[in-house]
Visitor: 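If you scroll down you'll find the structure; I have some questions about it.
Per chain, numbering begins at 1; letters A, B, ... match sequence-line order.
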Amino acid sequence: MRFSNAEFAAVFQEVADLLEIDGANSFRVRAYRNAAETISDLGRSLSDMIDAGEDPATLPGIGKDLAKRIEQLAATGTYPDLDRLRSEINPSLRDLLQIPGLGPKKVRKLRDDLGIESLDDLQAAVAAGKLARLEGFGVKSQEKIAAELETGRTKKSRRKWADAEEIAISFESVVRAVEGVERVDVAGSYRRHRETIGDLDILAAAETSAAAIDAFIDHDRVAQVTNEGETRAAVVLRDGMVVDLRVVPPESYGAALLYFTGSKEHNILLRQRAIEREWKLNEYGLYDKNDVVIAGREEADIYTALDLPYIAPELRENWGEVLAADANALPNLITLSDIRGDIHAHTTWSDGKASIEEMARRAIELGYEYIAVTDHSPRLAMTFGLDPDKLRRQAEELREVQSRLPEITILHGNEVDILRNGDLDQPDDVLAELDIVIVSVHSFFDLPREVQTARVIAALENPYVRVLGHPQGRILTQREGISLDLEAVFEAARDNNVALEINADPHRLDLDDRSVKFARDIGCKFVINTDAHRPSGYDLMRHGIYQARRGWLEASDVLNTLPIEDFRAALRPRVGR
DNA sequence: GCCGTTTTCGGCCCGACTGTTTTCAGTCG
């Protein structure tokens, strides 16, 4: 059997969980977790690496031992150490670890003293009041666990970034309005623009914290205050979202912002760098060995003191950014203002909600030099896709609109379905008449990996194809992407001069960040598109920019940062017209 | 279990808060 990176990572996470409950050395546990992180952040298939004869031990955090385990797992599909662990420690104890407030020590205590092996056991013990009498627990702990079991909240639950934004802005403005609060930011994975968010971390600078904390816990969306201290508070909202507030003095704001922005792994690297200099870094500042403050008011000051250029939040994932910074080789990240056009959009000709002209007028308002109209092809019947005849009539309308709107170039394209066998849903002579051809998978999502990969690559080899639309076909938190050998697809895209789309729709964000970085590393080019179905859809471009930045992209990696003439040249087919 | 132009042994990030304790372990980020 063939393991995905997620499956490899899941194995190591399970080993880590079980070892932790077993009371193993915590650094050993962390080694397994680090390995799991490395694998899930890899961007390319670990199975492919092994097939190619590459040694997993070359990866950071994976040594000889784990490399051997990985190879054994890949070759045999078995992991004897895990099987033995499972026989010693009931794997359903892992479910208990997901309950907020329960860690490995307490889970072990529950098992040893009360014989609890599962969520059901825990439920029964809580109902019988057994936890209240257990050493180290008590009435309050029992009540808290009962409440968590009731709501079913887990440590893992995440929501899309865009779904957290409105809450983030609302809390930010409430805290900002408090007298004495000098600065406010939403830190955490929100600031790093991860595609999904676990909780929100609000950071404020103020000489005294009480007023900010009061305003925070009084926010009208708060259902429950779970934590309230001198410098921090935590609340659960009515919809289950957890929001934290930290208040620090202004002279510590930069250190705190760095700390609460994370990632944890990035912070650990910075702290190690501080330790190398016999300094100490915490959320209050960077201190020398006599506890004299070196930096703390601004994030950038801390990077400077550590001999590093400023590292943008989107890069702080321990994907090599500290090494790159040290070598002065950080990418000059793309920004929204680099974008000159949006080249994937739908109109009322297929499933869009606005006319070509309405779309173009919005694009003009946004300052774009060009757009492309790319309605669906006929196979996608539910979207009223365009057959060749309709496409030609659309071209007429497009020319007519273009004549009235000289301030923008309107390119004519089509989002052509990739059929099951890899053929395209328009004949070549029709494709030849278009300015831009995007190909996308909209059907047969569950083909086997080899078949799916061959299907997509076949489409990329058509000489008129210029963009691979939403390459993974995923819907965030809802639909897994199609099963693809992404490395092979990226190589085919690069070799056929096809740009990979970063679909900016916040429910797609397709490609994912790791894959963007990997594709960039092997020399692929990109376009960032909103896939707009109405004029306001164009406004979502920023989400694609965040994703591109997380993938280390510069403007020069992205074709729709080019002026129109250069962009046209980049799209020219490899065959004459 | 990983890692190392000081090291193959001995380190491995650091502080706030809670609930349980009478001075601190466990959890969390």
Visitor: Any side-chain N or O of A/Asn227 less than 4.0 Å from the OP1 or OP2 oxygen of B/dC17?
Guide: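 False: A/Asn227 side-chain N/O out of range (4.0 Å or more) of B/dC17 OP1/OP2.
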Visitor: Can a donor-acceptor pair be found, under 3.5 Å and without considering hydrogens, that links the side chain of A/Asp22 to the backbone of A/Ala24?
Guide: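 Not a single qualifying donor-acceptor pair exists.
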Visitor: OP1, OP2 of B/dC13 versus side-chain N and O of A/Arg30: anything below 4.0 Å?
Guide: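 For B/dC13, OP1 or OP2 has a side-chain N or O of A/Arg30 closer than 4.0 Å.
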Visitor: When the P atoms of B/dT18 and B/dC2 are compared, how many Å lie between them, rounded to an integer?
Guide: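 Going atom to atom, P in each nucleotide, I get 38 Å.
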Visitor: Side-chain N or O of A/Thr231 less than 4.0 angstrom from OP1 or OP2 on B/dC17?
Guide: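 True: A/Thr231 side-chain N/O within range (under 4.0 Å) of B/dC17 OP1/OP2.
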Visitor: Considering every strand shown, what is the Watson-Crick or G-U wobble mate of B/dC3 when both distances are under 3.5 Å?
Guide: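 When the pairing criteria are applied, B/dG10 turns out to be the nucleotide that pairs with B/dC3.
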Visitor: Regarding A/Ile275, tell me which of base, sugar-phosphate or nothing describes its non-hydrogen contacts under 4.0 Å with the strands shown.
Guide: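 The answer is sugar-phosphate, as A/Ile275 gets under 4.0 Å only of primed atoms, P, OP1 or OP2.
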Visitor: For B/dC13 and B/dT27, measure between their C1' atoms and round to the nearest Å.
Guide: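 Each nucleotide's C1' atom is 16 Å from the other's.
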Visitor: Could you label the plane-to-plane angle of the A/Tyr79 and A/Phe12 rings as parallel, tilted or perpendicular, counting under 30° as parallel and over 60° as perpendicular?
Guide: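 Answer is perpendicular, since the angle exceeds 60°.
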Visitor: Compare side-chain N and O positions of A/Lys264 against OP1 and OP2 of B/dG29 and report whether any pair is under 4.0 Å apart.
Guide: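 For A/Lys264, the contact criterion (side-chain N or O under 4.0 Å from OP1 or OP2 of B/dG29) is not met.
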Visitor: When the distance from CZ of A/Phe260 to C1' of B/dG15 is rounded to whole Å, what number comes out?
Guide: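 After rounding, the gap between these two atoms is 8 Å.
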Visitor: For the pair made of CZ in A/Arg133 and C1' in B/dT21, what is the distance, rounded to whole Å?
Guide: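 Between C1' of B/dT21 and CZ of A/Arg133: 20 Å.
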Visitor: Using the closest heavy atom to pick a nucleotide of DNA chain B for each, name whichever of A/Gly136 or A/Lys280 lands nearer the 5' end.
Guide: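 That would be A/Lys280.
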Visitor: Any side-chain N or O of A/Arg271 less than 4.0 Å from the OP1 or OP2 oxygen of B/dC13?
Guide: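 No, outside the criterion.
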Visitor: B/dT27 C1' sits how many Å from A/Ile21 CD1, rounded?
Guide: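 It works out to 14 Å between those atoms.
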Visitor: Is the shortest side-chain heavy-atom distance between A/Glu117 and A/Arg111 below 4.5 Å?
Guide: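 Yes. Closest side-chain heavy atoms under 4.5 Å.
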Visitor: Expressed in angstrom and rounded to an integer, what is the separation of A/Asp199 atom CG from B/dG29 atom C1'?
Guide: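 Whole-Å distance recorded here is 8 Å.
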Visitor: Contact class for A/Val15 (heavy atom, under 4.0 Å): base, sugar-phosphate, or nothing?
Guide: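 Nothing, no heavy atom under 4.0 Å.
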Visitor: Can you check the distance between B/dT7 and B/dG11, where both ends of the measurement are the P atom (answer in whole Å)?
Guide: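 16 Å, rounded to whole Å.
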Visitor: Check whether A/Gln142 reaches the backbone of A/Ala132 with its side chain - one donor and one acceptor, N or O, closer than 3.5 Å.
Guide: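 Yes, the answer is positive, given that a donor and an acceptor are paired below the 3.5 Å cut-off.
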Visitor: Take atom C1' in B/dG15 and the same atom in B/dC9, then report the distance between them in whole Å.
Guide: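 Roughly 29 Å separates the two C1' atoms.
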Visitor: Considering every strand and a 4.0 Å limit on heavy-atom distances, what is the contact class for A/Asp65: base, sugar-phosphate, or nothing?
Guide: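 Counting heavy atoms under 4.0 Å across all strands, the contact made by A/Asp65 is with sugar-phosphate only.
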Visitor: Expressed in angstrom and rounded to an integer, what is the separation of A/Leu97 atom CG from B/dT27 atom P?
Guide: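 After rounding, the reported distance stands at 9 Å.
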Visitor: Using a cut-off of less than 4.0 Å, is there contact between a side-chain N or O of A/Tyr284 and OP1 or OP2 of B/dA16?
Guide: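 Affirmative; the distance criterion is met.
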Visitor: Can you tell me how far P of B/dC12 sits from CG of A/Asn34, to the nearest Å?
Guide: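 The distance from CG of A/Asn34 to P of B/dC12 comes to 15 Å, rounded to the nearest Å.
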Visitor: Please state the P separation for the pair B/dA16 and B/dG1 - nearest whole angstrom.
Guide: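 One P to the other, the span is 34 Å.
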Visitor: Please tell me if A/Lys106 has a side-chain N or O lying less than 4.0 Å from either OP1 or OP2 of B/dG19.
Guide: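 Indeed not, no polar side-chain atom of A/Lys106 lies that close.
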Visitor: Taking the side chain as C-beta and beyond, is there a heavy-atom pair between A/Leu333 and A/Thr335 under 4.5 Å?
Guide: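 A side-chain contact under 4.5 Å is absent here.
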Visitor: Side-chain N or O of A/Arg33 versus OP1/OP2 of B/dG1: is the shortest distance under 4.0 Å?
Guide: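 No, because none of the side-chain N or O atoms of A/Arg33 sits under 4.0 Å from OP1 or OP2 of B/dG1.
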Visitor: When rounded to the nearest Å, what value does the distance between P atoms of B/dG4 and B/dG19 take?
Guide: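 Nearest-Å result for B/dG4 against B/dG19 at atom P: 42 Å.
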Visitor: Which residue, A/Ile294, A/Val293, A/Leu270, A/Leu258, forms the side-chain contact (heavy atoms from CB on, under 4.5 Å) with A/Leu286?
Guide: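 Among A/Ile294, A/Val293, A/Leu270, A/Leu258, the one that satisfies the side-chain contact (heavy atoms from CB on, under 4.5 Å) with A/Leu286 is A/Ile294.
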Visitor: Write down the distance separating the C1' atoms in B/dC17 and B/dC12, rounded off to the nearest Å.
Guide: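 Taking atom C1' in both B/dC17 and B/dC12, they lie 25 Å apart.
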Visitor: Can you tell me the distance, in whole Å, between the CG atom of A/Asp17 and the C1' atom of B/dG1?
Guide: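 My rounded result for the distance is 16 Å.
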Visitor: Rounded to whole angstrom units, what separation is found between the OH atom of A/Tyr190 and the C1' atom of B/dG29?
Guide: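 Going from A/Tyr190 (OH) to B/dG29 (C1'), I get 19 Å.
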Visitor: Can you confirm whether A/Glu150 is buried at CD, in the sense that more than 12 heavy atoms of other residues, nucleotides or ligands lie under 6.0 Å from that atom?
Guide: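 Atom CD in A/Glu150 is not packed in, count stays at 12 or less.
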Visitor: Within the 4.0 Å heavy-atom criterion, would you say A/Lys144 contacts the bases, only the backbone, or no part of the nucleic acid?
Guide: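 It contacts nothing in the nucleic acid.
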